[in-house]
Amino acid sequence: MQGRRVLVVGGAGYIGSHCALLLQEAGAEITVYDDLSTGYAEAVTGRLVRGDVRDRARLETVLQEGRFDAVMHFAARLLVGESVAHPLAYFDTNVAGTCALLSAMAAADVRTLVFSSSCAIYGEPRTLPLDEAHPFAPVSPYGLTKLMVEQVLDACREREGFRIASLRYFNAAGAHPGGRLGEAHDPETHLVPLALEAAAGWRRIRLFGRDYPTPDGTCIRDYVHVWDLAEAHRLALEALWAGQAGRAWNVGTGTGSSVLEVIAAVERVTGRSVQRDDAPRRPGDPPALYAKADAIRQDLGWIPRHPDLEVTVEHAWRWLQAPRYGRYPRRP
Ligand code: UDP
């Protein structure tokens, strides 16, 4: 990785910023390309170039001038509910944006890419744990955009000489273990930060459904530490540089936690209670989702270093007590 030049598209956002920092620590030279529409300049590692992922001409210039060895692509819209209300904006940014990036990469002859995909492409699970061969049936336009992009990427791998890894994330959570970076979505919709904000006394949390067919009646998800996700990106990139054509890999711990288990972990870590209200199910939420992540272990040697939910929550809590960016009402 030493001295390799990597363009991190969407590197000012939650997962992108953690990956950029981890790659820099591994010796890479980082440039972040981001329009800062949802990301933060304070989260950027290396040089920041402001730009839109749909701006093919600008991307081509940046890629040609920077003589990059690879691109990591995180720039996307990610709100499932918003994607149902405004699907076109999602196809535009997520699908057309990725096509613009790929065309610019081909023009600049940079053909190594790691892409942020999602377990949302599987839809309602037919079998658990979910492996990569599970059929694709995304429920939301958001999930559909990720599937469409994966199909475009398959064609680029087969016909355009690209090496591409797609990483299908389960639920990213936590923060940089040293507190330098964290999750600061606005609006925040994710369970771990919302439960922590409730512990801080800033809000109450709604439990979306108590009548699921799970042991405690709440949904089960696979919470993977964001620093472990970042490590998966590093390993994927190394494999591509070593000559592999790449493929899609699930990235999850393989263990599911229910909403009530997450809240209990938040209460243990913070020593405070989480004020909660029952609320109706959120449309499109399957009862349980957790990964079979054997392929990435076998192919890349990826092992989650922070598989314990409490550690993930602890790092997210550390961040929330001293956030370096983001809009927060007041310190917990
Ligand atoms: N959830 C909840 N209350 C909230 C936010 C989330 O009960 O305020 C539940 C949600 O229904 C899901 C789980 O927590 O079962 C994780 O949701 P999140 O939005 O964090 O991630 P997703 O699984 O939708 O990607």
Measuring only between side-chain heavy atoms, which start at C-beta, is [X] closer than 4.5 Å to [Y]?
| X | Y | value |
| --- | --- | --- |
| Ile263 | Thr218 | no |
| Ile220 | Pro215 | yes |
| Arg221 | Asp285 | yes |
| Leu240 | Val114 | yes |
| Ile164 | Cys156 | yes |
| Pro304 | Glu231 | no |
| Leu191 | Ile205 | yes |
| Ile296 | Leu167 | yes |

Would you please classify the geometry between the [Y] ring and the [X] ring as parallel, tilted or perpendicular, with 30° and 60° separating the classes?
| X | Y | answer |
| --- | --- | --- |
| Phe115 | His73 | tilted |
| Tyr169 | His233 | tilted |
| His18 | His176 | tilted |

Quick one: [atom1] on [X] to [atom2] on [Y], what's the gap to the nearest 0.5 Å?
| X | Y | atom1 | atom2 | value |
| --- | --- | --- | --- | --- |
| Lys292 | Arg297 | NZ | CZ | 10.0 Å |
| Asn250 | Phe170 | CG | CZ | 4.5 Å |
| Ser103 | Glu160 | OG | CD | 8.5 Å |
| Arg210 | Asp278 | CZ | CG | 4.5 Å |
| Ile121 | Phe136 | CD1 | CZ | 4.5 Å |
| Asp55 | Glu60 | CG | CD | 10.5 Å |

Are [X] and [Y] connected in the hydrophobic side-chain network, where two residues link if heavy atoms are under 4.5 Å apart?
| X | Y | answer |
| --- | --- | --- |
| Leu36 | Leu7 | no |
| Leu320 | Val274 | yes |
| Tyr40 | Val44 | no |
| Leu194 | Leu309 | yes |
| Val149 | Phe91 | yes |

Look at Arg54 together with Asp35 and state whether they make a salt bridge at an N to O cut-off of under 4.0 Å. no
Could you check whether any side-chain N or O of [X] sits under 3.5 Å from a backbone N or O of [Y], counting only pairs where one atom can act as donor and the other as acceptor?
| X | Y | answer |
| --- | --- | --- |
| Asn94 | Ala76 | no |
| Glu183 | His185 | no |
| Tyr142 | Val84 | no |
| Arg318 | Pro177 | yes |
| Tyr33 | Val62 | no |
| Asp131 | His134 | yes |
| Asp69 | Arg4 | no |

Exercise: identify the closest heavy-atom pair between [X] and [Y]:
| X | Y | result |
| --- | --- | --- |
| Val32 | Ala12 | CG1-N, 3.9 Å |
| Val266 | Thr270 | O-OG1, 2.7 Å |
| Glu132 | Ala248 | CG-O, 3.7 Å |
| Tyr325 | Gly182 | OH-N, 3.1 Å |
| Met72 | Leu237 | CE-CD2, 3.4 Å |
| Arg234 | Ala26 | CD-CB, 3.8 Å |

What verdict does the side-chain contact (heavy atoms from CB on, under 4.5 Å) test give for Val226 and Tyr14, after you've listed the backbone C-alpha separation in whole Å, the side-chain angles of each residue and the deciding distance to 0.1 Å? CA-CA 8 Å; Val226 67; Tyr14 173 44; 3.6 Å; yes
Quick check: are there more than 12 heavy atoms from other residues, nucleotides or ligands sitting under 6.0 Å from CZ of Arg180? no
Using a cut-off of 6.0 Å, state whether more than 12 heavy atoms not belonging to Arg206 lie near its atom CZ. no
Centroid separation His86 to Tyr90 less than 6.0 Å: no
Can you check side-chain contact (heavy atoms from CB on, under 4.5 Å) on Leu181 and Leu21, steps first, answer last? CA-CA 9 Å; Leu181 300 168; Leu21 179 60; 3.6 Å; yes
Evaluate the salt bridge (Lys or Arg N to Asp or Glu O under 4.0 Å) criterion for residues Glu42 and Arg324: first the C-alpha distance (whole Å), next the side-chain angles of each, then the deciding distance (0.1 Å), finally the verdict. CA-CA 7 Å; Glu42 298 92 326; Arg324 300 189 178 197; over 6 Å; no
With ring-ring contact (aromatic ring centres under 6.0 Å, His included) as the rule and sequence neighbours excluded, what pairs involving residues 248-306 come up? His225-His306, His306-His315
Of Thr93, Asp92, Thr38, the one forming a side-chain hydrogen bond (donor to acceptor under 3.5 Å, both in side chains) with Arg77 is Thr93
Leu260/Arg276 under side-chain contact (heavy atoms from CB on, under 4.5 Å): CA gap, chis, key distance, verdict: CA-CA 10 Å; Leu260 288 176; Arg276 67 200 76 171; 4.0 Å; yes
Before you tell me yes or no, could you show the steps for Val269 and Leu196 under side-chain contact (heavy atoms from CB on, under 4.5 Å), namely the whole-Å CA-CA distance, both residues' side-chain angles and the distance that decides it to 0.1 Å? CA-CA 10 Å; Val269 166; Leu196 286 168; 5.6 Å; no
Under 3.5 Å, is there a donor-acceptor pair linking the side chains of Glu150 and Ser117? yes
